Protein chains: 2
Amino acid sequence: MDDLSFENFKDEALKNTAVKKEYDALGPVFELRRKLIKLRTAKGVTQEQLARIMGTNKSNISRLESGENISYPTFKTISKYAAALGYKVDIEFRPV
Amino acid sequence: MDDLSFENFKDEALKNTAVKKEYDALGPVFELRRKLIKLRTAKGVTQEQLARIMGTNKSNISRLESGENISYPTFKTISKYAAALGYKVDIEFRPV
DNA sequence: ACAGGTGTTATCAAATTTGATAACTTTCAA
DNA sequence: TTGAAAGTTATCAAATTTGATAACACCTGT
């Protein structure tokens with residue numbers, strides 16, 4: 001463990017119900033973002049190039065991938081992003 | 001083939017670029033809807049019960065599952081729906 | 001025929017996402 | 001150092017989704 005103080009802080013913070021709820025809810029979104037970024041960079045495509053293909057602007061791609069305040073993209077946005085890179089979206093549901 | 005006239009009509013319609021684009025774009029959404037409905041009915045849960053758990057109304061569940069005009073739900077809505085039934089969402093990307 | 005349960009549709013306001021533009025930071029190569 | 005490329009952040013308007021309420025349709029068992 002590298003940063004014990006942070007780990008401890010996180011554990012404490014997660015005892016707070018409100019914080020935990022946010023954490024749980026946002027976790028999957030971060031996972032999605034990581035997947036999107038991986039898809040794009042694996043093909044050596046820049047945000048600007050991708051934006052062009054999707055018909056939008058690079059700032060919006062950045063917001064989708066790493067924006068601080070933004071939360072939940074629509075299925076359409078995810079689909080367009082994937083399609084622009086030659087992928088289709090497949091949503092699966094797994095028991096918790 | 002059961003309904004040749006419909007098949008023919010569909011083929012003709014899909015020659016129209018605009019129609020085809022809509023069809024392609026909406027296909028995945030319909031697939032998602034089918035999965036959601038299957039998840040819910042498999043557990044013997046009604047739309048009203050699910051709505052209660054999700055903290056919304058049954059009309060909104062119906063719209064999500066079968067609404068005519070509505071298009072692309074957010075990741076948050078899909079997640080809430082799944083969580084209410086004991087599932088988590090997993091988004092995969094597959095080459096076209 | 002009736003009543004209750006289930007699902008659908010319509011409508012409006014509220015909330016959120018998205019598009020567009022611009023300015024900014026960082027990195028890297030010339 | 002300068003300049004360009006890549007990504008981030010801020011902001012506002014526009015578009016879309018979501019919540020809420022109400023009314024309607026459909027079915028099934030009594």
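All values derive from a computational prediction rather than experimental measurement. Side chains are part of it too, since the values below use all heavy atoms of this structure and drop only hydrogens, waters and symmetry mates.
- Each of Thr41(A) and Gly55(B) was assigned the nucleotide of DNA chain D with the nearest heavy atom; the assignment lying further toward the 5' end belongs to Thr41(A).
- Distance from the side chain of Thr56(A) is smallest for dG19(C) among the nucleotides dT17(C), dG19(C), dA20(D).
- When rounded to the nearest whole Å, the span between CZ of Phe75(A) and P of dT16(D) equals 17 Å.
- With rounding to whole Å, Arg52(B) atom CZ is found 12 Å from dT21(D) atom P.
- Atom CD of Glu68(A) is separated from atom P of dC24(C) by 20 Å (rounded to the nearest Å).
- Considering only side-chain atoms of Pro73(A), the nucleotide from dG19(C), dT18(C), dT8(C) that sits closest is dT18(C).
- As rounded to whole Å, 15 Å separates atom P of dA15(D) from atom CG of Asn60(A).
- Put simply, CD1 on Ile61(A) is 19 Å from P on dA5(D), counting in whole angstrom units.
- Candidate nucleotides dG7(D), dA22(C), dT18(D) were compared by shortest atom distance to the side chain of Ser62(A), and dG7(D) ranks first.
- For Ser59(A) and dT21(C), a side-chain-to-base donor-acceptor distance below 3.5 Å is present, hydrogens and geometry of angles not being considered.
- The separation between Glu48(A) atom CD and dA20(C) atom P is 14 Å, rounded to whole Å.
- Salt bridge status for Arg63(B) with Glu68(B): absent, with no side-chain N to carboxylate O gap under 4.0 Å.
- Place Asn57(A) and Glu65(B) on DNA chain C by their nearest nucleotides, and Glu65(B) ends up nearer the 5' end.
- One side chain, Thr77(A) or Thr74(A), offers a donor N or O that lies under 3.5 Å from an acceptor on the other.
- Other residues, nucleotides and ligands contribute at most 12 non-hydrogen atoms within 6.0 Å of the CZ atom of Arg52(A).
- Residue Arg40(B) places at least one side-chain N or O under 4.0 Å from the OP1 or OP2 atom of dG7(C).
- Between Met54(B) atom CE and dA20(D) atom C1' the separation is 14 Å, expressed in whole Å.
- Contact annotation: side chain of Arg63(B) to base of dG19(D), donor-acceptor pair present below 3.5 Å.
- Remark: Thr74(B) is not in phosphate contact with dT17(C), judged by side-chain N or O atoms under 4.0 Å from OP1 or OP2.
- The side chain of Ser66(B) approaches dT8(C) more closely than any other nucleotide in the set dA20(D), dA20(C), dT8(C).
- No side-chain donor from either of Tyr87(A) and Glu92(B) sits under 3.5 Å from a side-chain acceptor of the other.
- Within a 6.0 Å radius of NZ in Lys88(A), more than 12 heavy atoms belonging to other residues, nucleotides or ligands are found.
- Residue whose closest nucleotide on DNA chain D sits further toward the 5' end, between Lys80(B) and Lys58(B): Lys80(B).
- Look at CD1 on Ile78(A): it is 12 Å from P on dT17(C), rounded to the nearest Å.
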